[in-house]
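Reckoned from all heavy atoms, side chains included, excluding hydrogens, waters and symmetry mates.
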Amino acid sequence: QVQLVESGGGLVQAGGSLRLSCAASGIFFGLNAIGWYRQAPGKQRELVAGMSRGDTTNYADSVKGRFTISRDNAKNTMYLQMNSLKPEDTAVYYCALAGRGYWGQGTQVTVSS
């Protein structure tokens, strides 16, 4: 059974940083394309950052230069480092192996102004 468990969300002031983690069981991140998505109230879920099997990364324009996706294959964990956070980054963040249909439960990130 595949499980993805996020952690690291919370409340932070604008300009602050958070690091989200996503631990996997039942599947190996290193052999899959991975991604972080977010969904704000009243908005569609959007891709924030992705990493291919070959470690090529891509980012939404709104987070380029502020967010960094990474993974630690030894820990089977993926991360999203979020710096210079803005109120518009407020959303529920999900880790996913979208191509395989596996999603975490989501973690709330709230950025206060």
Original post:
Checking Asn76 side chain against Phe29 main chain: does a donor-acceptor pair fall under 3.5 Å?
Top reply: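 Yes: the side chain of Asn76 pairs with the backbone of Phe29.
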Original post:
With distance as the sole test, does Asn32 use its side chain to make a donor-acceptor pair with the main-chain N or O of Phe28 at under 3.5 Å?
Top reply: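 Present.
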Which atom pair, heavy atoms only, marks the closest approach of [X] to [Y]?
X: Pro87; Y: Ala14; answer: CD-CB, 4.1 Å
X: Asp61; Y: Lys64; answer: OD1-NZ, 3.1 Å
X: Met51; Y: Thr57; answer: CE-CG2, 3.6 Å
X: Gly30; Y: Asn73; answer: CA-OD1, 3.3 Å

Subject >> Full working for side chain to side chain contact (heavy atoms under 4.5 Å, CB included) between Asp55 and Arg71 >> reply: CA-CA 9 Å; Asp55 292 342; Arg71 61 178 155 203; 2.8 Å; yes
Can you confirm whether [X] sits close enough to [Y] that some side-chain heavy atom of one is under 4.5 Å from a side-chain heavy atom of the other?
X: Ile69; Y: Tyr79; answer: no
X: Trp36; Y: Glu6; answer: yes
X: Met82; Y: Leu20; answer: yes
X: Arg66; Y: Asp89; answer: yes

For [X], what residues pass the salt bridge (Lys or Arg N to Asp or Glu O under 4.0 Å) criterion, not counting sequence neighbours?
X: Glu46; answer: Arg38
X: Lys43; answer: none
X: Arg100; answer: none

**OP:** Scan residues 17-36 for pairs that pass salt bridge (charged side-chain N to carboxylate O under 4.0 Å, His left out), counting only residues two or more places apart or in two chains.
**Re:** none
Original post:
So Leu97 and Leu4, side chain to side chain contact (heavy atoms under 4.5 Å, CB included) or not? Walk me through it.
Top reply: CA-CA 9 Å; Leu97 281 65; Leu4 306 180; 4.0 Å; yes
**OP:** Give the intermediate values and the outcome of side chain to side chain contact (heavy atoms under 4.5 Å, CB included) for residues Thr90 and Gln108.
**Re:** CA-CA 8 Å; Thr90 294; Gln108 177 70 45; 4.0 Å; yes
Subject >> Any side-chain donor near an acceptor of the partner, Asn83 and Ser17, under 3.5 Å >> reply: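 On atom types as modelled, these side chains qualify, holding a pair under 3.5 Å.
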Original post:
Between Val92 and Val109, is a side chain to side chain contact (heavy atoms under 4.5 Å, CB included) present by the stated rule, with each step listed?
Top reply: CA-CA 6 Å; Val92 178; Val109 171; over 6 Å; no
**OP:** Could you list all the ring pair (Phe, Tyr, Trp, His ring centres under 6.0 Å) pairs where at least one residue sits in residues 86-113, not counting sequence neighbours?
**Re:**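 Those involving residues 86-113 are Tyr37-Trp103.
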Original post:
Which pairs, with at least one residue in residues 6-99 and sequence neighbours excluded, count as a disulfide (SG to SG under 2.5 Å)?
Top reply: Cys22-Cys95
